[in-house]
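Have a look at the structure below, then the notes.
Bear in mind the structure is a predicted one, so any value in this text is a computation, not a measurement. Lettering follows sequence order; numbering is per chain, from 1.
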2 protein chains.
Amino acid sequence: MNIQNSPLTRKLGSYVVLSDNDLDVLAQLHKRRRIFVPGVDMIHEGQKNQPAYILANGWAISFKILRDGTRQIVDIQVPGDFLGLRSLLFRTSDHNIEPITRVEASVVQAGDLFDAFTRTPRLATAVLWAASRDEAMVVEHLVGLGRRDAAERTAHFLLELGARLKLVGLAKLDGYDCPLSQHVLSDALGLSAVHINRVLRQLREEGMLTFRNGHVSFDDFDRLVAFADFDVAYLDDYAPMLK
Amino acid sequence: MNIQNSPLTRKLGSYVVLSDNDLDVLAQLHKRRRIFVPGVDMIHEGQKNQPAYILANGWAISFKILRDGTRQIVDIQVPGDFLGLRSLLFRTSDHNIEPITRVEASVVQAGDLFDAFTRTPRLATAVLWAASRDEAMVVEHLVGLGRRDAAERTAHFLLELGARLKLVGLAKLDGYDCPLSQHVLSDALGLSAVHINRVLRQLREEGMLTFRNGHVSFDDFDRLVAFADFDVAYLDDYAPMLK
DNA sequence: CGTCGGGTTGATAACTTTCAAATTTCGTGG
DNA sequence: CCACGAAATTTGAAAGTTATCAACCCGACG
C-alpha cells in the first residue's frame, strides 16, 4: 500500500504538511493489518487492554446496547479514523465497535503509538487534532439528538458525514457512497426505522437530498445546508489547507 | 487553600495515590485564581487561544446555541473538573462555557500544564484518566438523548451527576445539593421546561427521587437505579480506590 | 421458487411540546 | 422586617411529533 494515499495520511495532511520522516513513522504504524467482517465485533464492551485501530477500508459503528435491546450508535467510523484511541489508555472499553462492511484496519499497540509520537511530535499534534475533531462531531451529534427535529437531524447528520468523507477523498461535493441501512441510520439518529424512512422521503420529495441504493446525493446543497443549519466551516476550514 | 482537599486532588486521588511531588506540582497549577459570575461567559464559541480552567468552586455549563435560539447543554461542570482541556490545544472553541453559580477557577496555561506533565508523568496519566471519564459521560448523555424516554433520562442524568459529585466529596449516598434550575435541566436533557417539571413530579410521587429547593434526594436509591438502568459501576469502580 | 432482510406505506397510539395562566420563591430596596 | 417585581415552578388543555403495529413490496440468494 502507498502510505501517501492512505485515508489517514490524507486527513492528517489536510492539517499539517507531513515530512518524509512523518510519513515513515506513519507507515510503521500500518505494519499489522487485520480484516473484520460484519457480525464480528472489533471491540466489545467490557474487554480489557484493547489495541487501537486505524481504519483503512470499510465502515464501522460504535454503539451501546440498552436494557431493552435497542441500541444507540454514538459514532460512525470511516476510513482514516482512529478507533479506540482512548480505550488504549484506559481500562475496559465502555462501548462496542462493529464493522458494517468488510473492514481493513491496522492494529496499533499503545507502545508503538507512543514511540511514534516521540519520534515526531508534529505527528502527535496532528493525531490529537484529528481525535479532537472527531470528538467535536460527537458533541454535534449530541446537540442534534437533543434539539433538532427528525428531518433537520437527519440532514445535518448526512451533511456532516459527507464533510468527514470529503477529508479522506471519499466524497464529492454533491454526494457520496454510503453503505448504511436505514435501520443503522435510525439507531444513530435516535429514531425508529419507519420514521427515518418517512423523513428520507420528505427530503427527497422536497428536492434536497436523495438517500438510495447506498448512495447519498445532495440534490440542492445550499438549501439543504440552510435547512439543517449546517456549519459549512466544517468543510471550508479544512479544504483550503489541502493545497 | 489546602491543595490536599481541593476537589481535583480528591478526584485524581481516587485514581492514583498522589506523592508529595505530585501534590506540589498540582499546587503550582492553582496559582492564578479567577472569579466568574453567572451571565458572564468563561469561554465563548469562536474565541481563540483560550486558557483551560480547573473548577475549584461553583458550577458551570457547556452548551451550544442553535439557530432558533434554543440551546443544548452538553455537559455540566462541577468542582474538580477541567474546563477546555481540548480547546487548550486546538484552534477556536466550538462551544460556550458559562457559570451558573459564582465560580472560582484556576487558570491553566498550556505551557504550565505540559511542564507539570513532564515533571510527573503519573499526574499526566491521572489527568487524562479524568478527561476520559468525563468523555465517557458525554457519550452516556448522548445515549440517553437518543434512546431513553424523558423519565429514565432524567433519573439517569441525576444519578450520574451524583456519582460525579461523590468523587469530589460533594454528594452523599442519598443525595446532593444541586443549583440547577428546571430550565437548565431541560436544556441538558433535550426536553421542555414544562415537561421536566411533570417528570420530576412523577419521580417524586413514585417515591424515587425528589428535586426541590436546590437539593436532589434519592428517596429510593435501588429502585431509582433499576428504573434508570444506571450502571452502578460508575460508583463502585472508583469509591474503593479511595481507601 | 421460496425465503429473508430491507424498504415502504397507512392507521393508531404514545410521548412531548406549546400555549396560557396561576402560584410560589427569592433578591432587593424601603 | 416587609413589600414588590422578576424569575422559577406548577398545572391544564390542545396541538404536534414520533413510535408502534400491521401489511405489502422487492430484490438477492440458495
Once you apply a heavy-atom cut-off of 4.0 Å, does S192(B) come out as touching a base, just sugar-phosphate, or nothing?
base
With a 4.0 Å cut-off on heavy atoms, is R153(A) in touch with a base, just the backbone sugar-phosphate, or nothing at all?
nothing
Judged by each residue's nearest nucleotide on DNA chain C, which is more toward the 5′ side, V199(B) or N197(A)?
N197(A)
Atom CD1 of I196(B) to atom P of dC15(C): distance rounded to whole Å?
16 Å
Assign the ring pair H141(B) / F157(B) to parallel, tilted or perpendicular, where the plane angle (0 to 90°) is split at 30° and 60°.
tilted
How long is the gap from CD on Q47(B) to CD1 on I97(B), to the nearest 0.5 Å?
10.5 Å
Specify the residue among L191(B) and R204(A) whose closest nucleotide of DNA chain C lies further upstream toward the 5′ end.
R204(A)
For Q182(B) and dT10(D), what is the distance between atoms CD and C1' respectively, to the nearest whole Å?
8 Å
Salt bridge or not between E140(A) and R148(A)? Use side-chain N to carboxylate O under 4.0 Å.
yes
Can you check the F211(B) CZ to dT9(D) P distance for me, whole Å?
7 Å
Round to a whole Å and report the spacing from CG of L180(B) to P of dT25(C).
19 Å
Which part of the nucleic acid does G214(A) contact within heavy-atom distance under 4.0 Å: base, sugar-phosphate only, or nothing?
nothing
Within the 4.0 Å heavy-atom criterion, would you say A150(B) contacts the bases, only the backbone, or no part of the nucleic acid?
sugar-phosphate
Any R148(A) side-chain N or O less than 4.0 Å from OP1/OP2 of dT17(D)
no
Is the CG atom of D68(A) crowded by more than 12 outside heavy atoms at less than 6.0 Å?
yes
Length of the CD-C1' vector between Q202(B) and dC15(C), whole Å:
12 Å
Starting at atom CZ of R212(A), determine the distance to atom P of dC26(D), rounded to an integer number of angstrom.
12 Å
Rounded to the Å, how far apart are H195(B) NE2 and dT10(D) P?
15 Å
Looking at every strand, decide which applies to R198(A) at a 4.0 Å heavy-atom threshold: base, sugar-phosphate, or nothing.
base
